[in-house]
Protein chains: 2
Amino acid sequence: MSLRHALLAILAVEPMTGYELTKQFDRSAANVWHAPHSQIYPELRKLETAGLVTAESVARGDHGIKRTYSITEAGLDVLVGWVEELDPPAPDRDAFQLKATYLEYGSFANARRQFEAHLDYHEELRRRWEVHAQVLEQRATALMQRRLEVMPPELHDALVAYKVHVYRGLAERARHEARWARRGIALVEALGAALPAEDSGLREHGEGLREHAELDDHPELSERS
Amino acid sequence: MSLRHALLAILAVEPMTGYELTKQFDRSAANVWHAPHSQIYPELRKLETAGLVTAESVARGDHGIKRTYSITEAGLDVLVGWVEELDPPAPDRDAFQLKATYLEYGSFANARRQFEAHLDYHEELRRRWEVHAQVLEQRATALMQRRLEVMPPELHDALVAYKVHVYRGLAERARHEARWARRGIALVEALGAALPAEDSGLREHGEGLREHAELDDHPELSERS
DNA sequence: ACAGCCATGTAAGTCGTTACATGATTGC
DNA sequence: GCAATCATGTAACGACTTACATGGCTGT
């Protein structure tokens with residue numbers, strides 16, 4: 001349900017076509033809630049059906065049409081209602097943490113590679129969020145400037161401050177992830193040093209594991225506790 | 001695609017019924033990749049069709065059946081292959097960060113409430129991950145003990161260390177989220193102090209906003225700055 | 001003429017959520 | 001006899017992904 005609200009939040013600034021909306025979305029909300037245009041166009045139709053936005057068709061070329069969407073009163077109410085709702089925490093789902101849990105099924109070299117990729121990605125992300133936070137703080141994006149024109153001046157500081165707080169938080173989160181990945185690399189090195197001979201992991205110890213596993217077919221040999 | 005691999009990683013320990021698997025899953029992988037049993041049973045059928053697991057039906061009561069699943073060689077290969085793959089970073093999708101971005105559409109009291117709920121949740125999570133990391137470090141879960149029996153001893157330290165690293169990372173991530181939420185509360189207080197009179201937000205300034213928005217239909221009336 | 005961006009979609013398939021449904025065994 | 005927990009599903013729906021498809025306008 002987040003996508004519809006993100007779209008409403010952008011349309012609350014000013015009327016836009018689906019394409020313009022998609023672009024503004026990519027530069028703002030998509031940073032925390034990604035969605036491709038193939039999800040946005042149909043969602044706009046649904047919002048229209050629900051009466052949360054209205055669309056005005058404008059000719060474009062000979063038989064093309066543009067649709068300019070505007071938020072309605074009802075849409076504004078839904079947006080405010082959503083902001084005031086406490087929603088239940090989303091179920092955890094982190095593919096990398098999952099994989100990291102089972103790194104013993106691969107080699108140390110692989111584990112290192114995994115953490116390194118994680119590190120690079122999050123260092124990059126961190127830079128990106130820091131820049132974005134600064135740009136927002138300086139109120140320098142087109143969307144932000146329109147927002148400020150449209151919102152009552154008493155709310156300007158809050159409007160900017162919330163967004164900056166989010167992106168600074170993301171930058172720190174990325175910094176944390178990078179630090180965690182660096183410690184992961186150190187861990188792999190320590191583990192590798194303890195087993196200096198080979199570049200170990202299941203590929204090398206694999207047959208060992210498989211034989212172990214096989215033993216389960218003969219409970220008398222693997223019974224425990 | 002993560003669910004199937006999580007299931008394989010658990011079945012790599014020992015053969016289990018769908019129900020047992022679901023329980024072990026809830027206590028382990030579900031912490032980083034949640035899935036309900038209604039997703040697990042069908043997924044097991046798919047894994048069976050793909051030849052990654054085999055099922056043995058055992059009678060249970062008069063016409064009930066139990067199906068005990070075991071991982072196959074092919075399943076083990078897929079598991080190892082997955083661990084050695086670098087997968088592209090998942091698109092960001094964080095409902096709370098999204099909402100936090102638009103907190104100016106609600107009252108300060110609401111913004112505070114939002115951050116407080118976030119804080120409570122992540123403080124709770126942090127405790128949970130810390131306990132879990134310790135339990136894993138002490139190799140104290142049933143699944144972990146079976147894992148150690150089944151894996152070659154040279155890999156035991158790595159096996160434990162990776163999992164502990166993940167859960168300590170989660171605990172720190174939760175700590176970071178809690179700190180961020182606390183700074184959010186402080187921010188709301190500062191913003192509220194600057195506007196001491198009312199418990200401000202769109203509900204109060206709302207008509208202002210709507211009129212502002214309306215004015216866009218009459219550009220000559222809303223031009224400013 | 002062609003590239004590059006503007007602009008708007010559809011379609012097929014997978015993944016995930018929520019709710020419903022059914023019956024067996026175990027211990028009190 | 002009843003509750004808890006064991007045990008295994010289906011069904012409907014909505015969210016998301018990936019790929020395909022089409023055509024317009026703008027500048028070189």
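Protein chains get the first letters and strands the later ones, always in sequence-line order, with residue 1 at the start of each.
By the 4.0 Å N-to-carboxylate-O rule, R175(A) lies too far from E123(A) to be salt-bridged with it.
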I'd like a list of close polar pairs between nucleotides 7-9 of chain D and the protein, N/O only, cut-off under 3.5 Å.
from, atom 1, to, atom 2, distance (Å)
dA7(D), OP1, K66(B), NZ, 3.2
dT8(D), OP1, R67(B), N, 3.1
dT8(D), OP2, Y19(B), N, 2.8
dT8(D), OP2, Y41(B), OH, 3.4
dT8(D), O4, H37(B), NE2, 3.3
dG9(D), OP1, R45(B), NH2, 2.2
dG9(D), OP2, R45(B), NH2, 3.4
dG9(D), N7, H37(B), NE2, 3.4
dG9(D), O6, H37(B), NE2, 3.0

Restricting both atoms to N or O, compile the protein contacts to nucleotides 13-15 of chain D shorter than 3.5 Å, with distance only.
from, atom 1, to, atom 2, distance (Å)
dA15(D), OP2, K46(A), NZ, 3.4

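Contact check of residues 87-95 of chain A against DNA chain D (heavy atom, cut-off under 4.0 Å) returns no residues at all.
In this structure, Y69(B) and T17(B) have side chains that are not in contact, with every pair of non-hydrogen atoms separated by 4.5 Å or more. The shortest distance between side-chain heavy atoms of K163(A) and E137(A) does not fall below 4.5 Å. Side-chain contact between V166(B) and W180(A): present, with at least one pair of heavy atoms (C-beta onward) separated by less than 4.5 Å. You'll find the side chain of H132(B) stays beyond 4.5 Å of the side chain of V164(B), heavy atoms only.
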Pairs of donor and acceptor atoms involving the side chains of residues 115-122 of chain A, under 3.5 Å and at least two apart or interchain, shall be tabulated with distances.
from, atom 1, to, atom 2, distance (Å)
E116(A), OE2, R112(A), NH1, 2.1
H118(A), NE2, E177(A), OE1, 2.8

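A distance-only check finds no donor-acceptor pair linking the side chain of K99(A) to the backbone of Q114(A) [under 3.5 Å].
Ring geometry, H37(A) versus Y41(A): the interplanar angle exceeds 60°, so the pair is classed perpendicular (tilted spans 30 to 60°).
Annotation: side-chain contact (heavy atoms from CB on, under 4.5 Å) contacts of E130(A) (sequence neighbours excluded): R126(A), A171(A). With sequence neighbours excluded, no residue satisfies salt bridge (charged side-chain N to carboxylate O under 4.0 Å, His left out) with R93(B).
Between F25(A) atom CZ and dA7(C) atom P the separation is 19 Å, expressed in whole Å. When rounded to the nearest whole Å, the span between CG of L47(B) and P of dC15(C) equals 11 Å. Protein atom NE2 of H5(B) is 15 Å distant from nucleotide atom P of dT14(C), rounded to whole Å.
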